[in-house]
Amino acid sequence: MTTASTEPLITEPLLQVRDVRKYFPVGRGLLGGALAEVKAVDGVSLDVQRGETFGLVGETGCGKSTLARCITGLYPVTSGHVVLDGTELTGLSRRRLRPLRRQMQMIFQDPYGSLNPRRRVGSIIGDPFAVHGVASGAERRRRVQELMSLVGLNPEHYNRFPAEFSGGQRQRIGVARALALHPELIVCDEPVSALDVSIQAQIINLLEDLQDELKLTYIFIAHDLNVVRHVSDRVAVMYLGHIVEVARSEDLYTLPRHPYSAALLSASSVADPDEAEQKQRIILRGDVPSPVNPPSGCPFHPRCPKAQDKCVVEPPPLERKDDDPVDHLAACHFPVQPGEVLSQP
Amino acid sequence: MIRFLVRRTVFGILVLWLISVATFLLFFVAPHDPARVITGRLATPETVALVRHRLGLDQPVLTQYGHFLNGLIHGNLGYSFYNSTSVNYLIVSRLPPTVSLALGGAIIWLVTGVLIGVLSATRARSLFDRVATIFVLTGLSMPTFLLGLLLIYLLFFRLHLAGVTWFPAGGYVPLSQNPAAWAQHMVLPWITIALVTAATYTRLTRSSLLETLSEDYIRTARAKGLSERRVIYRHGLRSAMTPVVTQFGIDVGTLLGGVIVTETVFGLGGLGQLAVQSVTNQDLPVIIGIVLLAAFFIVVSNLIVDALYAVLDPRVRLS
Amino acid sequence: MTLTSVETSVTGTEEQAAIEGRSPLQLAWARLRQDRVAIASAVILVLIVLIALFAPLIASAVGWSPVQQDRTTGISPEGLPVAPGSAHWFGTDNLGRDILVRTVYGARVSLLVGVVATVAASVVGVVVGTLAGYFGGWVDVALARLMDVVLSFPFLLFAIALVSIVGPSLAVSVGVIAFFSWASIGRIVRGQTLSIRQKEYIEAARSLGAGDFRIMVVDVLPNLVAPVIVLASLLMPTAIVFEATLSFLGLGVVPPTPTWGNMLADSLQFYSVAWWFVVFPGVALLITTLTFNLLGDGVRDALDPSAERLFSTRRKRGRR
């Protein structure tokens with residue numbers, strides 16, 4: 001995959017991801033060597049600007065969560081670079097990485113799994129302070145309680161256990177923990193997909209309010225396009241470890257160029273029944289291929305309604321199509337044209 | 001599967017080797033001198049030196065271990081320090097009482113333990129279940145030697161006083177000599193070893209069967225209209241047996257160590273007593289031989305359990 | 001922020017008493033207190049501990065030391081033990097020693113060995129199991145194999161060989177029992193740690209920059225407390241039986257220090273003439289292990305209410 005956006009930028013992006021790859025070994029040979037590799041992230045490049053919300057969508061298993069963990073340094077990358085605010089993160093030891101973590105935090109998907117059930121809420125939210133030796137004793141307690149009220153929790157519940165909170169409240173605890181060290185970038189890994197729809201809106205509103213108030217930058221991961229559309233300034237679509245399309249939110253939703261993006265959009269639910277009736281769903285054939293043995297050429301070609309011989313051989317570069325806006329890129333040899341209806345296979 | 005078994009076997013051999021080294025070393029860090037123990041306190045230094053030389057104890061540790069290992073590969077466990085008898089012979093000659101005790105005991109505890117477990121699982125919270133749990137708790141809490149003493153006191157002594165002489169207090173009669181007397185002498189040791197162990201099986205069977213019986217496929221079997229008997233014995237018990245098999249493998253493996261106490265209480269003169277005797281005599285080759293034999297049983301039975309696992313429960317994926 | 005006020009008003013209506021959360025252990029404790037069998041067992045165990053602690057007081061009240069031989073009223077003209085009576089409430093043994101005082105003193109050895117060996121085995125088992133489960137990879141392979149090797153030892157056999165070489169003593173008994181017990185705890189702890197390691201909160205701690213040591217202490221260990229308490233409370237009776245067995249075989253604490261095991265070994269030749277010689281130490285031993293097992297079972301039930309119970313006086317709600 002070629003390097004993404006080299007367009008002139010007004011300011012340096014907060015986060016630069018360059019050709020990041022993450023392969024996991026699978027199976028064990030007799031001598032303990034890996035038999036094969038899962039190519040979870042296979043050459044991803046992207047920029048995240050200060051103050052924006054960058055959406056990342058794709059089906060389960062497309063590598064978006066792995067990418068998030070590569071960015072936050074939870075997984076060492078196989079190759080490539082992650083640069084945060086001008087500092088190269090890849091290849092740093094855990095000790096050297098620690099101070100940089102204050103600039104970058106993560107909110108996790110599962111509000112039940114991401115909070116230690118045996119610890120009191122105050123201790124969980126105060127963890128960042130303890131780890132970084134920032135505040136202790138009464139000072140820590142004061143700051144934790146400040147955070148609790150900031151995210152809409154009752155500070156008096158400082159000594160409660162996670163089990164005594166609802167799913168939405170728990171996710172607020174996770175948000176408070178992520179905010180503790182005043183990070184610039186927060187990676188939200190499907191922060192609402194485990195919650196009821198009514199609670200989802202509350203958490204999203206909270207995240208948006210906090211962004212305005214604290215000038216945060218978000219990477220927002222989801223498999224639900226509606227949620228991503230609502231919160232994101234720009235959106236990247238991932239498929240089998242590759243970014244197949246990246247664009248401003250409204251551009252992507254108006255004219256998806258990659259057939260996969262188009263299919264995803266057509267599958268997402270629509271609130272308006274009239275609109276829903278008109279909408280034609282594109283049913284993809286087959287299943288997502290195994291990332292152990294990804295298809296040649298364009299990774300989407302076995303399922304693509306527009307695939308031709310070229311797609312099997314040549315991996316398409318991520319580039320601007322026709323007269324799209326400069327920051328709308330797609331990786332497709334035969335991009336979807338305006339008004340085109342994708343034929344059902 | 002084959003690769004798995006090969007790996008387990010290699011590991012098993014490694015374990016055996018480690019245990020032999022550990023046992024061997026144990027006797028060299030010991031402050032005692034076997035030559036002195038054998039010759040007695042009144043022996044002259046010359047006699048002690050002679051004995052030490054005869055036993056090869058004056059050679060470096062590595063050389064001695066080399067001799068031992070060489071013999072081991074050829075199936076020879078060496079010779080007793082104490083009376084120069086071959087260890088192989090000693091072990092074989094003491095085997096019958098131990099095997100009688102172990103086999104009989106294992107059959108009794110497996111049958112009674114599983115049976116009581118099944119009955120109390122199918123009648124959960126009944127009076128029978130309550131009595132069974134008391135049985136389990138007592139069994140788990142009862143030291144083997146205490147139960148043995150109790151049985152001797154009640155079933156031998158008290159009954160003898162009452163004129164009933166069914167059970168002898170101890171000793172061993174070879175099976176080939178007099179089968180009836182053999183069985184008569186084995187009854188109390190069997191009960192002792194079986195009762196203490198059966199408790200674990202009752203508990204395992206009960207909880208495992210209760211868990212299995214609450215699974216969906218059992219409900220399906222019931223919904224198909226199968227008789228309750230068939231549901232429990234054909235569908236439930238089969239998969240509920242997996243932990244029982246595991247436990248049985250472990251127990252059979254460690255049985256050789258476990259019979260020591262029972263043999264001592266009843267004076268059966270088997271391997272267990274030979275071990276205790278050899279320990280008092282500082283008879284290194286015999287002790288190593290018995291420890292290795294015991295470890296061998298443990299390793300082999302673990303291997304069999306691993307293999308059985310796959311047969312009994314197809315869901316188990318060996319990795 | 002509007003959300004804040006909404007949230008606060010909702011939670012504000014809840015009972016104020018619940019603001020201080022109750023930890024899972026506190027909840028378990030509350031459940032345990034409802035359990036009559038467990039409480040009765042605990043009371044008996046406390047009593048046994050008190051008896052062991054105040055053994056010298058009891059001895060001076062009775063008037064005999066545990067090793068003192070009463071050659072006048074403590075031994076019959078035929079040289080046999082004397083039955084329970086006013087001089088010796090529990091009778092005497094073959095050397096004319098007071099069985100009541102010796103049984104009381106025997107509790108000291110049993111409890112001491114049981115507690116120390118259990119604590120030592122638990123500490124080693126938790127450390128090794130946590131390290132193996134947390135780090136995985138070759139650390140796990142090495143430590144898991146080590147535990148397999150220890151579990152493959154014919155332990156009683158090896159224990160008697162070891163004791164015969166280093167010589168029997170209290171410390172050796174404790175060491176041997178701990179050495180052959182830690183691996184079974186370590187194996188279970190390793191399994192628990194393996195599953196805890198997969199939890200998102202471990203990832204969360206890591207993304208905060210917490211080091212491995214901190215994660216193990218702050219996030220892994222608290223989740224191991226419950227299973228380790230259960231394992232330890234069930235290991236205790238096993239350790240006590242193990243000690244008694246070693247003593248019985250003459251490989252435990254050296255006589256004349258009384259232990260239940262060596263008293264029973266002495267009684268082996270006298271059961272036909274002196275039932276008290278067997279019964280008192282035997283019953284003391286059995287009561288101790290039985291109550292530990294009952295308490296352990298109750299603790300397990302309190303910590304994991306969904307687990308199947310062995311013995312219960314309490315009806316289980318919502319089960320079958």
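Lettering of chains follows the sequences in order, A, B, ..., and the numbering in each one begins at 1.
For C/I240, no part lies near chain B; criterion is any non-hydrogen pair under 4.5 Å. With a 4.5 Å cut-off on non-hydrogen atoms, B/L150 does not touch chain C at all.
Nearest heavy-atom pair across C/L290 and B/L137 is CD1-O, 3.6 Å. For the residue pair B/P143 and C/L286, the shortest heavy atom distance occurs at CD-CD1, 4.5 Å.
With rounding to the nearest 0.5 angstrom, the OG atom of B/S141 is 11.0 Å from the CD1 atom of C/I287. Remark: C/F248 CZ to B/T264 OG1 distance equals 7.0 Å, nearest 0.5 Å. With rounding to the nearest 0.5 Å, the separation of CZ in C/F277 from CG in B/L149 is 11.0 Å.
When each of C/T289, C/L234, C/L249, C/T291 is checked for heavy-atom pairs under 4.5 Å with chain B, C/T289 comes out on top. Note: B/I290 leads B/I290, B/T138, B/T144, B/L16 in heavy-atom pairs under 4.5 Å with chain C.
The 12-atom threshold is exceeded at CZ of B/R94, counting heavy atoms of other residues, nucleotides or ligands nearer than 6.0 Å. Within 6.0 Å of CZ on C/F180 lie more than 12 heavy atoms contributed by other residues, nucleotides or ligands.
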| Given B/Y153 and C/V278, is the side-chain contact (heavy atoms from CB on, under 4.5 Å) satisfied, shown in steps? | CA-CA 9 Å; B/Y153 182 74; C/V278 186; 5.6 Å; no
